[in-house]
Amino acid sequence: RLPAAVNPRFIFLAVPFAAHSATLGNRPMKIKTETPAPYAATADDDAIIAQACAIIDKRFSTGEALTDPAAAGAYFKVKIGGSPREVFAVLFLDTRHRMLAFDELFFGTIDGAEVHPREVVRRALELNAAAIIIGHNHPSGVPDPSAADRAVTQRLKQSLALVEVRLLDHFICGSGAPVSMASRGMV
């Protein structure tokens, strides 16, 4: 007879274990866990990624206004997200927020890149950009903004304001979805 707390629909799960409890000596079972093999990219994967990059480039270069922050974050993720070293990139926009150019301006090591605001301002003026969106990757995979990320964002915002170019957002790409510093109130 079953205790009242036992749901009879689940008794079939207990029967096989009860039959072997004497064999196991009522000891907890040790379950062997295996570490999954690391992912190995294939030629097909690289072809798919190349196609995705081409589609994104085409979508952004057709003159459509970039109004969706998630789309901008996805663009940065595809372009620089998988780099083994830190890459700092800038998306230059016109007055209607259409893409003028996407430049990877600074390259660093596994945990940092030196960013020079004067070079970002120089390129923005060269392209006659009205606004920019910046982004970089964290090769560690953790996309949380660091103190250095917050500081460079503020330095760039101040430098760009002097020449009337707006900094719209700063994306950090790591594992998962890119982090928008603007959505966190940090721009």
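This one's a predicted model, so the numbers in the text were calculated from it and none came from an experiment. Sequence positions, counted from 1, serve as the residue numbers for this chain.
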- Item | Distance (rounded to the nearest 0.5 Å) between T153 OG1 and Q158 CD | 11.0 Å
- Could you pull out all residues at least two apart from S183 that satisfy side chain to side chain contact (heavy atoms under 4.5 Å, CB included)? S180
Enumerate donor-acceptor pairs with a distance under 3.5 Å from any side-chain N or O in residues 159-166 to protein atoms, sequence neighbours excluded.
residue, atom, partner, partner atom, Å
S159, OG, R155, O, 2.9

- Query: Could you state the interatomic distance from CD1 (I48) to OG1 (T42), rounded to the nearest 0.5 Å?
  - Reply: 7.0 Å
- Short question: side chain of N137, backbone of V87 - any donor-acceptor pair under 3.5 Å? yes
- What pair of heavy atoms forms the shortest contact from V120 to F92, and how long is it? O-CE2, 4.0 Å
- What ring pair (Phe, Tyr, Trp, His ring centres under 6.0 Å) pairs are there with at least one residue in residues 138-168, not counting sequence neighbours? H136-H138
- Task: Starting at CE of M181, measure out to CG of D144 and round the result to the nearest 0.5 Å.
- Result: 11.0 Å
- Item | side chain to side chain contact (heavy atoms under 4.5 Å, CB included) partners of D68, counting only residues at least two apart | A70, A71
- Message: If hydrophobic clusters are built by linking Ile, Leu, Val, Met, Phe, Trp and Tyr wherever their side-chain heavy atoms come under 4.5 Å apart, do L105 and L167 end up in the same one?
- Response: yes
- S140: what forms a side-chain hydrogen bond (donor to acceptor under 3.5 Å, both in side chains) with it, not counting sequence neighbours? none
- What heavy-atom pair brings G174 and P143 nearest, and what distance separates the two atoms? N-CB, 4.0 Å
- Query: Is the backbone of P145 close enough, under 3.5 Å, to the side chain of R150 for a donor and an acceptor to pair up by distance?
  - Reply: yes
- Message: Could you see if V187 belongs to whatever hydrophobic cluster contains L168? Use Ile, Leu, Val, Met, Phe, Trp, Tyr and a side-chain cutoff under 4.5 Å.
- Response: no
- Item | L127 with M99, same ILVMFWY side-chain cluster at under 4.5 Å | no
- Query: Could you go step by step and tell me if R184 and V179 meet the side-chain contact (heavy atoms from CB on, under 4.5 Å) rule?
  - Reply: CA-CA 9 Å; R184 293 186 176 190; V179 170; 3.6 Å; yes
- Message: Just verifying a value: how many Å separate D149 CG and I172 CD1, rounded to the nearest 0.5 Å?
- Response: 4.0 Å
- Message: Restricting to non-hydrogen atoms, name the atom on C173 and the atom on G81 that form the minimum distance, rounded to 0.1 Å.
- Response: CB-CA, 4.1 Å
- Message: According to salt bridge (Lys or Arg N to Asp or Glu O under 4.0 Å), does anything in residues 120-138 pair up with another residue at least two apart or in another chain? List the pairs.
- Response: D103-R123, E119-R122, R122-E126, R123-E126
- Task: Not counting sequence neighbours, which residues clear side-chain hydrogen bond (donor to acceptor under 3.5 Å, both in side chains) with T109? List them please.
- Result: D111
- Excluding sequence neighbours, so at least two apart, what forms side-chain hydrogen bond (donor to acceptor under 3.5 Å, both in side chains) with H97? none
- Message: Within the structure provided, determine whether L156 and I132 are in side-chain contact (heavy-atom separation under 4.5 Å).
- Response: no
- Please report the shortest heavy-atom distance between P178 and A74, naming the atom on each side. CG-N, 4.3 Å
- Candidate pair I134 and V115, rule side-chain contact (heavy atoms from CB on, under 4.5 Å), full reasoning: CA-CA 11 Å; I134 58 176; V115 176; over 6 Å; no
- Query: What pairs with D94 under side chain to side chain contact (heavy atoms under 4.5 Å, CB included), at least two apart in sequence or on another chain?
  - Reply: R96, R98, L100
- Can you name the residues that form a side chain to side chain contact (heavy atoms under 4.5 Å, CB included) with A89, not counting sequence neighbours? F76, I80, F102, E104
- Going hydrophobic residue to hydrophobic residue with side-chain gaps under 4.5 angstrom, can you get from F171 over to F88? no
- Are the side chain of Q154 and the backbone N or O of M186 linked by a donor-acceptor pair below 3.5 Å? yes
- Query: With sequence neighbours left out, which residue pairs that include part of residues 110-133 fulfil the ring pair (Phe, Tyr, Trp, His ring centres under 6.0 Å) condition?
  - Reply: F106-H116
